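Encoded as structure tokens, the structure appears first; notes follow it.
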2 protein chains.
Amino acid sequence: MTIPDLVIDRLPQYARVLASLDDQGRDVVSSQEFAELLGRRGDGADRPWSAAQVRKDLSYFGRFGKQGRGYNVRKLMDELRSILGLNRQWRMAVVGIGRLGHAILGYQGFTPQGFRIVEGFDSSPHLIGQHVDGLTIRNTADLEATLKETRVDIGIVAVPAETAQSVIDALVRCGVRAILNYAPISARVPKSVQIRHVDPVLALQSMTYYLKASATLD
Amino acid sequence: MTIPDLVIDRLPQYARVLASLDDQGRDVVSSQEFAELLGRRGDGADRPWSAAQVRKDLSYFGRFGKQGRGYNVRKLMDELRSILGLNRQWRMAVVGIGRLGHAILGYQGFTPQGFRIVEGFDSSPHLIGQHVDGLTIRNTADLEATLKETRVDIGIVAVPAETAQSVIDALVRCGVRAILNYAPISARVPKSVQIRHVDPVLALQSMTYYLKASATLD
DNA sequence: ATCTGTGAAGCACTTCACAGCG
DNA sequence: CGCTGTGAAGTGCTTCACAGAT
């Protein structure tokens, strides 16, 4: 049985809702209530979440619920975190320490989820050697040499569009198998490498299509 | 004929590739080459782009190509920008001027695409009244009063998870019909309001599923 | 009575394949 | 001959609906 990629994409959202329920001290939740708590999908597909989809998605991995009762919040959360590989530390390197890179280094949301930034690279001479958020910035030219010494699981690309593809290529050569790309480009990577794009402009540009019709003019 | 939301989501990526081709002085592109330039989808669905999909997507909106030649880069780009509503200015308000909010205010990528930040809100007394990137920060408590005076098309939410839903509710009450949410929550908004989430942690958590299998241990 | 797990049905998007135009 | 535009076929995800467990 092969698991659709779309299902994998939804699991982190499930895990987050469960963490929130757990914080509130809730022990049990039904697929029905779960679907309501998932709110609106933040992507194009504007279909609401359904209880059936939650049950079906979970059924790919096992039988986690109790008929007549629902799902144990804590247990299901632990299962999902295990399925997603979140019960360990992941080591990340950030390339590009401009405004965006600084914000990424300072972001407080990674560590509690087990994502740790262990290296920072930039090519600007007045940044190399500087200490930023407890990290010594290294020269991007030394990326490949450094990553031969230090294991890094995930590369974060925060350089300008012009140099992004070559940085991605370098990361791939170093054996990095997952890339989080903040640069506004359509990157090319081998099939064996995971990549996700974070691009607020693309998100905005798909919303304006729907606004356009009834928007007041500028 | 009804246009799938998934098609709308792809159009901004098409527009971006065309802009890049235009920069390089290219006049014409075939659907085949176009698909290759689109690189890897940065989402779960790991299927490659196909020439047929590009042609099909474009055909929802008109007949923009020339048989035997391909598509005129400039013309197609203009068409797409018009379809997406990108040939005008969009006014945005940022709520939450912490580290993330600061980075958003300073981000250079919005303005060239026609997205202008015209208001900034925070609830912290030592930020209210301060000038940040040419903007006077207002009190979040005055959000509704301010947006009665100044038109804002899009709300950007950069507050902590705990207060995000209430900020979103306030924006919706003000008639804001599109929201870009950076807070790590599953937000609830009416169907008439567009919402997109920017969440690097969710992106990371879906990649680790695929890394898990063969990753070296920590 | 309630709610899960799941084959089967339904549906929506993608891909095919070719007519038709330049 | 090359490449678009597009009905039709194919595919894969979603929803249905109900048996089965508590």
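Below, chain A is the first sequence line, B the second, and so on; all start at residue 1. These figures come from a predicted structure and were not determined experimentally. In what follows, every heavy atom counts, from backbone to side chain, and hydrogens, waters and symmetry copies are set aside.
Checked by atom type and distance alone, the side chain of Arg116(B) never pairs as donor or acceptor with a backbone atom of Val118(B) at under 3.5 Å. One N or O on the side chain of Asp122(B) and one on the backbone of Ile97(B) form a donor-acceptor pair closer than 3.5 Å.
Of all the residues in residues 7-28 of chain A, Arg10(A) reach under 4.0 Å from DNA chain D with at least one non-hydrogen atom.
A salt bridge links Asp133(A) to Arg99(B): one of the charged nitrogens lies within less than 4.0 Å of a carboxylate oxygen.
Atom CG of Leu6(B) and atom C1' of dC13(D) are 11 Å apart (whole Å). The distance from atom CD1 of Ile3(A) to atom P of dT14(D) is 14 Å, rounded to the nearest whole Å. Rounding to whole angstrom units, CZ of residue Phe34(A) and P of dG5(C) are separated by 12 Å. Gln53(A) has its CD atom 20 Å from the P atom of dC3(C), to the nearest Å.
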Can you check salt bridge (charged side-chain N to carboxylate O under 4.0 Å, His left out) on Glu119(A) and Arg151(A), steps first, answer last?
CA-CA 10 Å; Glu119(A) 295 287 349; Arg151(A) 181 173 60 77; over 6 Å; no
Evaluate the salt bridge (charged side-chain N to carboxylate O under 4.0 Å, His left out) criterion for residues Arg91(A) and Asp153(A): first the C-alpha distance (whole Å), next the side-chain angles of each, then the deciding distance (0.1 Å), finally the verdict.
CA-CA 5 Å; Arg91(A) 297 164 59 87; Asp153(A) 304 298; 5.4 Å; no
Would you please test Tyr182(B) and Asp199(B) for side-chain hydrogen bond (donor to acceptor under 3.5 Å, both in side chains) and show each step?
CA-CA 6 Å; Tyr182(B) 283 82; Asp199(B) 192 332; over 6 Å; no
Shorter than 3.5 Å, N or O on both sides, protein versus nucleotides 4-8 of chain D: list them out with atom names.
unit_1: dT4(D); atom_1: OP1; unit_2: Ser31(B); atom_2: N; d: 2.7
unit_1: dT4(D); atom_1: OP2; unit_2: Ser31(B); atom_2: OG; d: 2.7
unit_1: dT4(D); atom_1: O2; unit_2: Gln67(B); atom_2: NE2; d: 3.3
unit_1: dG5(D); atom_1: OP1; unit_2: Phe64(B); atom_2: N; d: 3.0
unit_1: dG5(D); atom_1: OP1; unit_2: Gly65(B); atom_2: N; d: 2.7
unit_1: dG5(D); atom_1: OP2; unit_2: Tyr71(B); atom_2: OH; d: 2.6
unit_1: dG5(D); atom_1: N7; unit_2: Arg55(B); atom_2: NE; d: 2.8
unit_1: dG5(D); atom_1: O6; unit_2: Arg55(B); atom_2: NH2; d: 3.0
unit_1: dT6(D); atom_1: OP1; unit_2: Arg63(B); atom_2: NH1; d: 3.1
unit_1: dG7(D); atom_1: N7; unit_2: Lys56(B); atom_2: NZ; d: 3.3

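Donor-acceptor pairing under 3.5 Å is recorded for the side chains of Arg196(A) and Ser206(B).
Annotation: side-chain hydrogen bond (donor to acceptor under 3.5 Å, both in side chains) contacts of Tyr209(A) (sequence neighbours excluded): none.
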